[in-house]
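Here is the structure we will look at.
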Amino acid sequence: MNILHLFCPPVYAHPGEAAVSPSVSAAAWWDWRLEWVLLFILLFVGTLYFRWLKEAYQNTETSWSWKYPIRFWGALLCIYIAAASPIDHIGEVYLFSMHMVQHNIFMYPVPWLILAGIPEGMAVYWLKKSGMPGYHGYRILKHPVTACLLFNLIFTLWHIPFLYDWALKDRMVHNLEHFTMITSSIILWLPTWNPIRKDRPIYPLQMLYLIALAIAQLPVFAYVTFSKSVLYPTYAYAPRLTVLSAHADQQLGGVIMKITAMLVLFVSFIGICMAWYESQMQADRLRDEKALAAARALS
């Protein structure tokens with residue numbers, strides 16, 4: 001028995017349908033593409049970011065640190081891997097669950113690395129330089145209600161079957177889907193991961209915001225996971241790369257979507273709790289130091 005059958009069994013999605021042969025199936029898992037246009041765009045963005053970073057440091061009193069460009073370039077690397085690796089081709093042609101893995105990369109590590117790669121001084125500097133239009137746009141987008149509604153609107157729209165399948169069939173629409181998902185995800189995390197810390201809501205509101213995010217994603221999760229039929233024709237008629245049927249793969253994708261979101265939200269919630277506790281402890285220490293200094297002054 002060929003060992004490829006263990007990892008890539010020839011399973012039929014529908015009676016009479018030709019399955020992917022083990023050799024073709026195995027090759028699909030290692031099918032990297034150059035994606036030179038995306039590579040050029042990412043290199044341009046990375047270079048532009050570095051120039052903006054240097055200008056901000058030259059005009060502010062913030063000390064230089066390589067951790068910021070490393071994080072930002074790490075985000076660009078994640079984007080390229082998600083788009084050029086087998087993740088993209090398999091998610092586009094064969095498996096809904098793999099497409100959800102790709103979307104999770106765009107929604108969580110990419111925005112975190114981008115926002116963590118922008119020093120507060122750089123964010124303040126370029127926000128001031130953008131003038132009133134940029135500042136007003138930023139104020140609207142950073143609001144928790146705007147961020148939550150905008151992301152969930154875009155996220156929900158792209159999971160409507162005819163839009164989702166359109167993106168799978170048209171590369172330009174697929175690129176638009178990814179671009180809007182990345183940008184809306186960056187906006188989504190502004191209330192909790194904003195480089196300008198004073199613009200984040202107070203800790204209790206950040207915690208309520210994360211709870212609202214968990215609730216807002218439930219309709220899409222339930223729609224995908226508990227549907228009794230395959231929602232997206234591309235996957236319904238695609239040859240199978242795994243032992244899972246198209247319907248089981250769709251359920252797996254829904255579970256990946258929700259579990260990943262819950263893990264990220266839970267870790268973020270704990271992080272906010274710890275930051276809140278630390279801020280309270282620091283405030284108590286400052287109050288005690290002031291009281292001690294006042295007592296010494298009177299004695």
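Basis for what follows: all heavy atoms, side chains included, without hydrogens, waters or symmetry-related copies.
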- Message: Under a plain distance cut-off of 3.5 Å, with no hydrogens placed, do Tyr125 and Glu55 share a side-chain donor-acceptor pair?
- Response: yes
- Message: So that I know where these two stand, are Tyr164 and Phe96 an aromatic pair - ring centroids less than 6.0 Å apart?
- Response: yes
- Message: Is it the case that the side chain of Trp126 and the backbone of Trp52 share a donor-acceptor pair, with hydrogens and angles ignored and the cut-off at 3.5 Å?
- Response: yes
- Message: Donor-acceptor pair, distance only, cut-off 3.5 Å: does the side chain of Gln102 make one with the backbone of Ala82?
- Response: yes
- Message: Just checking Trp32: does its CH2 atom have more than 12 heavy atoms from other residues, nucleotides or ligands closer to it than 6.0 angstrom?
- Response: yes
- Could you tell me whether a side-chain N or O of Thr225 sits under 3.5 Å from a main-chain N or O of Ala222, the two making a donor and an acceptor? no
- Query: What are the two closest heavy atoms between Ala246 and Ala236, and how far apart are they?
  - Reply: CB-CA, 4.0 Å
- Query: Will you find, in the side chains of Trp158 and Thr180, an N or O donor that is under 3.5 Å from an N or O acceptor?
  - Reply: yes
- Task: Would you check, one step at a time, whether the test side chain to side chain contact (heavy atoms under 4.5 Å, CB included) holds for Ser185 with Phe151?
- Result: CA-CA 6 Å; Ser185 295; Phe151 170 81; 3.4 Å; yes
- Message: If hydrophobic clusters are built by linking Ile, Leu, Val, Met, Phe, Trp and Tyr wherever their side-chain heavy atoms come under 4.5 Å apart, do Val255 and Met98 end up in the same one?
- Response: no
- Query: Is it the case that more than 12 heavy atoms not belonging to Arg139 sit under 6.0 Å from its CZ atom?
  - Reply: no
- If you measure from the Lys or Arg side-chain nitrogens to the Asp or Glu carboxylate oxygens, is any gap between Glu92 and Arg171 under 4.0 Å? yes
- Query: Okay, side chain of Ser227, backbone of Val224: is any donor-acceptor separation there less than 3.5 Å?
  - Reply: no
- Query: Under 4.5 Å between any side-chain heavy atoms of His174 and Asp88, yes or no?
  - Reply: yes
- Using modelled atom types only, decide if a donor and an acceptor are shared between the side chain of Tyr235 and the backbone of Gly91 within a distance under 3.5 Å. yes
- Hey, is the main chain of Cys148 close enough, under 3.5 Å, to the side chain of Asn152 for a donor-acceptor pair? yes
- Separation between CZ of Arg200 and CD1 of Ile272, rounded to the nearest 0.5 Å: 8.5 Å
- Task: Measure across Leu205 and Pro201 and return the closest heavy-atom pair with its distance rounded to 0.1 Å.
- Result: CB-CB, 3.8 Å
- Item | Shared hydrophobic cluster for Ile215 and Val264 (ILVMFWY, side-chain gaps under 4.5 Å) | yes
- Message: If you count every heavy atom of other residues, nucleotides or ligands that lies below 6.0 Å from Lys169 atom NZ, does the total exceed 12?
- Response: yes
- Message: I need the minimum non-hydrogen distance between Met181 and Ser184, along with the two atoms involved.
- Response: O-OG, 3.2 Å
- Check the angle between the aromatic planes of Tyr138 and Tyr135 and answer parallel, tilted or perpendicular using the 30° and 60° thresholds. tilted
- Item | Derivation of the side chain to side chain contact (heavy atoms under 4.5 Å, CB included) call for Phe72 and Leu113 | CA-CA 6 Å; Phe72 192 90; Leu113 288 168; over 6 Å; no
- Query: Does the pair Met274 and Ile270 meet the rule for a side chain to side chain contact (heavy atoms under 4.5 Å, CB included), with working shown?
  - Reply: CA-CA 6 Å; Met274 294 175 64; Ile270 296 300; 4.0 Å; yes
- Donor-acceptor under 3.5 Å (Thr156 side chain, Leu153 main chain): no
- In terms of ring plane angle, is the pair His99 and His103 parallel, tilted or perpendicular, where the classes change at 30° and 60°? tilted
- Message: Checking Ser268 against Thr192 for the side chain to side chain contact (heavy atoms under 4.5 Å, CB included) test, could you report, in this order, the C-alpha distance in whole Å, the side-chain angles of both residues, the deciding distance, and whether it holds?
- Response: CA-CA 8 Å; Ser268 299; Thr192 54; 5.7 Å; no
- Note on the structure: What one should report as the nearest heavy-atom pair of Ser97 and Asp249 is OG-OD1, 2.5 Å
- Does Thr146 reach the main-chain N or O of Ile140 with its side chain, forming a donor-acceptor pair under 3.5 Å? yes
- Item | Ring geometry between Trp66 and Trp73 (parallel below 30°, tilted from 30 to 60°, perpendicular above 60°) | tilted
- Taking every heavy atom of Pro195 against every heavy atom of Leu115, the minimum-distance pair comes out as CG-O, 3.5 Å
- Quick one: pull up CD in Gln217 and CZ in Phe155 and give me the separation to the nearest 0.5 Å. 5.5 Å
- Run the ring-centre check on Tyr223 versus His159 and record whether the distance is less than 6.0 Å. no
- Query: Are there more than 12 heavy atoms of other residues, nucleotides or ligands under 6.0 Å from atom CZ of Phe50?
  - Reply: yes
- Message: Under 4.5 Å between side-chain heavy atoms, counting indirect links through other Ile/Leu/Val/Met/Phe/Trp/Tyr residues: same cluster for Leu43 and Tyr68 or not?
- Response: yes
- Message: Has Trp193 got a side-chain atom pairing as donor or acceptor with Pro111's backbone, closer than 3.5 angstrom?
- Response: no
- Message: With a 3.5 Å distance limit and no angle check, can you tell me whether Arg71 reaches the backbone of Ala75 through a side-chain donor-acceptor pair?
- Response: no
